[in-house]
Amino acid sequence: MAILSILPHMKKIIAFHWQIFYGLLLGVILGYVLKEDVTYISWMGVLFLRALKMVIVPILLTSIMSGIINIGNPKGLGKLGLKTISYYLGTSLAAIITGLLAVNWLKPGVGADLGFNEPVQGLAEAGENFGSTLINIIPENIFTAFADNQMLSIIFFAVLAGVFTTSLNKEHRDT
């Protein structure tokens with residue numbers, strides 16, 4: 001019992017980011033050394049990934065809504081929204097250019113026989129035009145969007161909910 005009372009007062013021995021790095025390194029080493037035995041503990045990885053997927057939607061929804069609500073008035077969103085969209089487009093463009101340069105330089109998969117013997121089906125149906133993409137952003141049912149992880153629809157709903165919440169009077173907005 002005395003040990004439990006000491007624990008909150010102990011200083012961290014190793015910084016958290018180093019603990020994560022050492023855990024990752026240990027996982028890679030153990031996975032390499034114990035190849036056949038990894039199947040016995042693979043359930044932990046599955047649980048971890050499911051837990052991450054479980055919290056993505058609530059974190060996304062609440063962080064966008066609280067960010068917009070904390071700005072205060074909907075008029076202030078215009079300038080910030082323009083900066084945010086510019087930043088998003090700039091970073092997306094940088095990522096696309098980096099990916100294209102890396103693929104054209106490294107040429108991954110060239111010469112590999114992947115065993116694809118049949119043509120790809122449904123490729124024409126997958127291509128949407130810009131108008132239908134915009135319409136599909138607006139969800140018919142927000143709970144279906146949550147269940148299907150339709151992130152653009154969730155972001156759209158969070159932005160609308162945040163903007164509408166800022167237009168409420170102070171008493172209701174704070175609640």
Side-chain angles (χ1 to χ4, degrees), residues 1-67 84 87-128 132-159 161-162:
M1 202 57 155
I3 293 175
L4 293 177
S5 63
I6 296 172
L7 287 177
H9 304 290
M10 291 179 60
K11 290 186 177 181
K12 287 185 181 179
I13 297 171
I14 301 174
F16 186 60
H17 63 278
W18 286 112
Q19 292 177 16
I20 293 172
F21 176 73
Y22 293 141
L24 178 68
L25 190 62
L26 180 65
V28 169
I29 292 170
L30 288 176
Y32 183 75
V33 172
L34 306 171
K35 291 178 188 172
E36 293 80 25
D37 299 325
V38 168
T39 56
Y40 297 119
I41 60 169
S42 64
W43 60 271
M44 287 189 250
V46 172
L47 286 178
F48 178 71
L49 288 176
R50 284 187 179 199
L52 280 178
K53 289 177 184 178
M54 179 178 64
V55 298
I56 287 172
V57 170
I59 288 175
L60 178 72
L61 181 71
T62 55
S63 63
I64 290 175
M65 283 180 62
S66 66
T84 303
Y87 179 75
Y88 174 74
L89 291 176
T91 55
S92 296
L93 182 65
I96 291 168
I97 290 172
T98 303
L100 286 173
L101 289 175
V103 164
N104 287 319
W105 182 54
L106 298 174
K107 298 184 188 326
V110 171
D113 181 21
L114 301 177
F116 296 136
N117 297 327
E118 298 179 20
V120 178
Q121 300 293 327
L123 194 57
E125 293 86 16
E128 293 183 348
S132 63
T133 301
L134 286 178
I135 289 173
N136 289 335
I137 288 175
I138 302 171
E140 292 179 13
N141 183 340
I142 190 61
F143 297 106
T144 304
F146 291 157
D148 295 339
N149 285 328
Q150 298 172 2
M151 292 302 164
L152 283 176
S153 297
I154 295 168
I155 291 170
F156 178 79
F157 175 78
V159 168

Item to check | Pairwise side-chain contact, Ile14 with Tyr22, heavy-atom cut-off 4.5 Å (strictly under) | outcome: yes
Next on the checklist: Check whether Asp148 reaches the backbone of Gln150 with its side chain - one donor and one acceptor, N or O, closer than 3.5 Å.
Outcome noted: no
Item to check | Approximate separation, where rounding is to 0.5 Å, of Leu30 CG and Asp37 CG | outcome: 10.5 Å
Checklist entry - Given side chains that start at C-beta, do those of Ile138 and Phe157 come closer than 4.5 Å, heavy atoms only? => result no
Next on the checklist: Any non-hydrogen side-chain atom of Leu134 less than 4.5 Å from a side-chain atom of Ile137?
Outcome noted: yes
Checklist entry - Rounded to the nearest 0.5 Å, what separation is found between the CD1 atom of Ile154 and the CG atom of Leu61? => result 7.5 Å
Checklist entry - Can you tell me how far CG of Leu25 sits from CD1 of Ile29, rounded to the nearest 0.5 angstrom? => result 4.0 Å
Checklist entry - Backbone N or O of Leu89 within a donor-acceptor pair of the Ser92 side chain at under 3.5 Å? => result no
Checklist outcome for this item: Between Ile64 and Ala158 the two heavy atoms that sit nearest each other are CG2-CB, 3.7 Å
Next on the checklist: Between Tyr32 and Val28, is there a side-chain heavy-atom distance shorter than 4.5 Å?
Outcome noted: no
Next on the checklist: Once rounded to the nearest 0.5 Å, what's the spacing between atom CE of Met54 and atom CG of Leu47?
Outcome noted: 10.0 Å
Checklist entry - Between Asn149 and Lys53, does a side-chain contact (heavy atoms from CB on, under 4.5 Å) hold up when you go through it step by step? => result CA-CA 9 Å; Asn149 285 328; Lys53 289 177 184 178; 5.6 Å; no
Checklist outcome for this item: Tightest non-hydrogen contact, residues Pro58 and Thr62, listed as O-OG1, 2.7 Å
